[in-house]
Amino acid sequence: MKLNPISPFCYEIPRTGDMRVPGRIFMSRRMAAGLSEEEALKQVANVATLPGILTAAMAMPDMHWGYGFPIGGVAAFDWKTGVISPGGVGYDINCGVRLAATGLEEKDIRPVAERLVTALFQNIPTGVGSTGSVKLSVKDELKVLKQGGAWAVRQGLGDAVDVERTEDGGCMAEADPSVVSQRALERGLKQLGTLGSGNHFLEVGVVDEIFDEDAARAFGLFENQITVLLHTGSRGLGYQVCDDSLAFMNKHVKTLGIRLPDRQLACAMIRSPEGERYFAAMACAANYAWANRQILLHRARETFQQVLGIGPRDLDMHQVYDICHNIAKRETHIVDGNPRDVCVHRKGATRAFAPGHAAVPAAYRHVGQPILIPGDMGTASYVLAGTQKAMEESFGSTCHGAGRVLSRKAAKKQSKGRAIHRELADKGILVKWSGRSTLAEEMPDAYKDIDQVVESVHGAGISKKVARLRPICVIKG
DNA sequence: ATGTTC
């Protein structure tokens, strides 16, 4: 695939064949030189052929191959003439990240780290098919799908301010539980408040370095501060919503009469019964994910208090922000100088709204929206802030994480004979996990260098570095 | 990512 540098941190796939717009990849020269993502680049070009796509099919430096659309991809479609596609969101609808800061410092946690990680692992169900964190009736589940994070707070599983510091207030109003299948409801019934598996985790970390004092102060972050970072999504419910939607979209797309370069790009006009049905079901799964992360934060608060023998006031575990990185949203963006109503697909990409945007919580509005970028479990995670340049160049979007370089299979092979948990322990990172091959599949070597990913988006100007976090304890599924 | 191939 031919890539033309159009600026020091942006490369273009020129328009050819059925492409309606070019492709655009945000990455440093160094990452471009090491790029071996031919299949993912082809997927960017494929997305560029879809009806109603605006400006360019975009990808972030953490891009890799995904279902139809690349992971690390951003695609915005005109609301009236464009399409919506489950492949542009991903199977784990509203997979996302939540960060809480505490009143504690590293010295308060080091002596109890072993007990803390053990207690977190006991109190939070992990792994494929994990259940049992909260008891839910079907009636309550429908409320979760409609209300999102606020439902959990109403149950006493969090604070009102948690919801205020969540993207979209932890709720997409377009949710319509009547379009969610019985099977999806069944899968969701017992999984609320569970972590899941794969790259999902809950991590106790420490603020390692501050890059932007003003933004860090606004976000309530200071050096040596203990943080909790958690990464999970909508579990089996979201997976089932995606699966159900792909089934009816595949049927529907045959009636559209458009030629798709890949059947995994199955889609519908946004303003069609099929498009609206997917959007309404997707929003339900998004709300479920926000309730899920809300409950996990509550479990973390309970566990810290139990292990440290302190009350909520001394713990002071307060939410910094919660973002989604697998979602489609209705947003207004300036396109060719005019405001346009668009449907932005972010799949393995994060919203990065600029200072002054009304969707950014008031306390953060002068510095921009917080962005949470988890690294692999052996290195670091980053807090960034949204920028005006992101509004202008990437539909208010940035990267989402390190991005895989090794397939799960390849990672397992490379880890043979190694004790990954010991390698991490040598770096001062305690890890507890449930899946037989989780640690091998998720080992640091399986991921790109998070520092390079973050330098790319910082260099491109689509977000700016605020702080780096270093892990101390990690639980995984 | 996923009751990891209803």
Side-chain angles (χ1 to χ4, degrees), chain A residues 40 43 62-73 85-98 125-133 136 141 180-202 230-248 250-251 264 278 281-282 284-286 288-290 292-293 296 323-328 345-350 374 376-377 400-413 433-442 446-447 475-477:
Chain A
Q43 290 187 317
D62 48 340
M63 69 183 293
H64 53 112
W65 179 87
Y67 183 94
F69 290 56
I71 295 162
S85 172
V89 171
Y91 267 88
D92 190 3
I93 295 164
N94 191 3
C95 187
V97 186
R98 179 172 295 219
T126 61
V128 176
S130 49
T131 59
S133 183
L136 206 58
E141 188 182 20
V180 175
S181 71
Q182 282 306 312
R183 197 164 172 197
L185 291 174
E186 258 171 52
R187 292 184 72 170
L189 201 54
K190 293 182 175 173
Q191 293 193 328
L192 197 63
T194 67
L195 190 65
S197 75
N199 61 4
H200 291 166
F201 65 80
L202 186 147
L230 63 94
H231 178 203
T232 185
S234 50
R235 311 284 291 100
L237 182 138
Y239 180 98
Q240 195 61 47
V241 165
C242 180
D243 215 40
D244 295 340
S245 304
L246 284 168
F248 73 73
N250 268 320
K251 267 192 209 166
Q264 293 187 349
Y278 171 67
M282 183 212 71
C284 288
Y288 184 95
W290 274 314
N292 194 32
R293 291 196 288 274
L296 292 192
I323 51 93
C324 28
H325 53 227
N326 277 12
I327 198 83
H345 293 63
R346 297 191 183 95
K347 180 190 192 180
T350 308
D376 64 76
M377 54 186 166
H400 89 303
R404 274 196 172 274
V405 276
L406 295 179
S407 69
R408 289 172 188 212
K409 199 174 160 186
K412 265 201 273 195
K413 201 170 163 187
W433 70 103
S434 54
R436 187 173 285 270
S437 51
T438 299
L439 230 52
E441 291 173 356
E442 294 298 318
Y447 285 92
I475 67 166
K476 289 188 69 69

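Just so you know, these numbers use all the heavy atoms, side chains as well, and skip hydrogens, waters and symmetry mates. Residue numbers start from 1 in every chain, and the chains themselves are labelled A, B, ... in the order their sequence lines are given, proteins ahead of strands.
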Practice problem: Could you tell me whether A:Glu442 and A:Arg404 have a side-chain N and a carboxylate O separated by less than 4.0 Å? | Solution: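 So A:Glu442 pairs with A:Arg404 through a salt bridge.
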Quiz item: Just by distance, do the side chain of A:Gln43 and the backbone of A:Gly66 share a donor-acceptor pair under 3.5 Å?
Solution: yes
Quiz item: Within the side chain of A:Asn94, is there an N or O that forms a donor-acceptor pair under 3.5 Å with the backbone of A:Ala289?
Solution: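 Between the backbone of A:Ala289 and the side chain of A:Asn94 there is no qualifying donor-acceptor contact (under 3.5 Å).
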Quiz item: Step by step, would you call A:His231 with A:His400 a ring pair (Phe, Tyr, Trp, His ring centres under 6.0 Å)?
Solution: CA-CA 11 Å; A:His231 178 203; A:His400 89 303; 7.6 Å; no
Give the rounded distance in Å between these two atoms: [atom1] of [X] and [atom2] of [N].
X        : N     : atom1 : atom2 : answer
A:Gln240 : B:dT4 : CD    : C1'   : 14 Å
A:Lys412 : B:dT4 : NZ    : P     : 14 Å
A:Leu237 : B:dT2 : CG    : P     : 12 Å
A:Glu186 : B:dC6 : CD    : P     : 14 Å
A:Lys476 : B:dT2 : NZ    : P     : 11 Å
A:Gln191 : B:dT2 : CD    : P     : 8 Å
A:His231 : B:dT2 : NE2   : P     : 10 Å
A:Tyr239 : B:dT5 : OH    : C1'   : 9 Å

Practice problem: Would you indicate what A:Gly233 reaches in the nucleic acid, counting non-hydrogen atoms under 4.0 angstrom: base, sugar-phosphate, or nothing? | Solution: nothing
Quiz item: Heavy atoms under 4.0 Å, any strand shown: does A:Gly90 hit a base, just sugar-phosphate, or nothing?
Solution: nothing
Quiz prompt | A:Ser197 vs B:dT2: side-chain N/O to OP1/OP2 distance below 4.0 Å | solution = yes
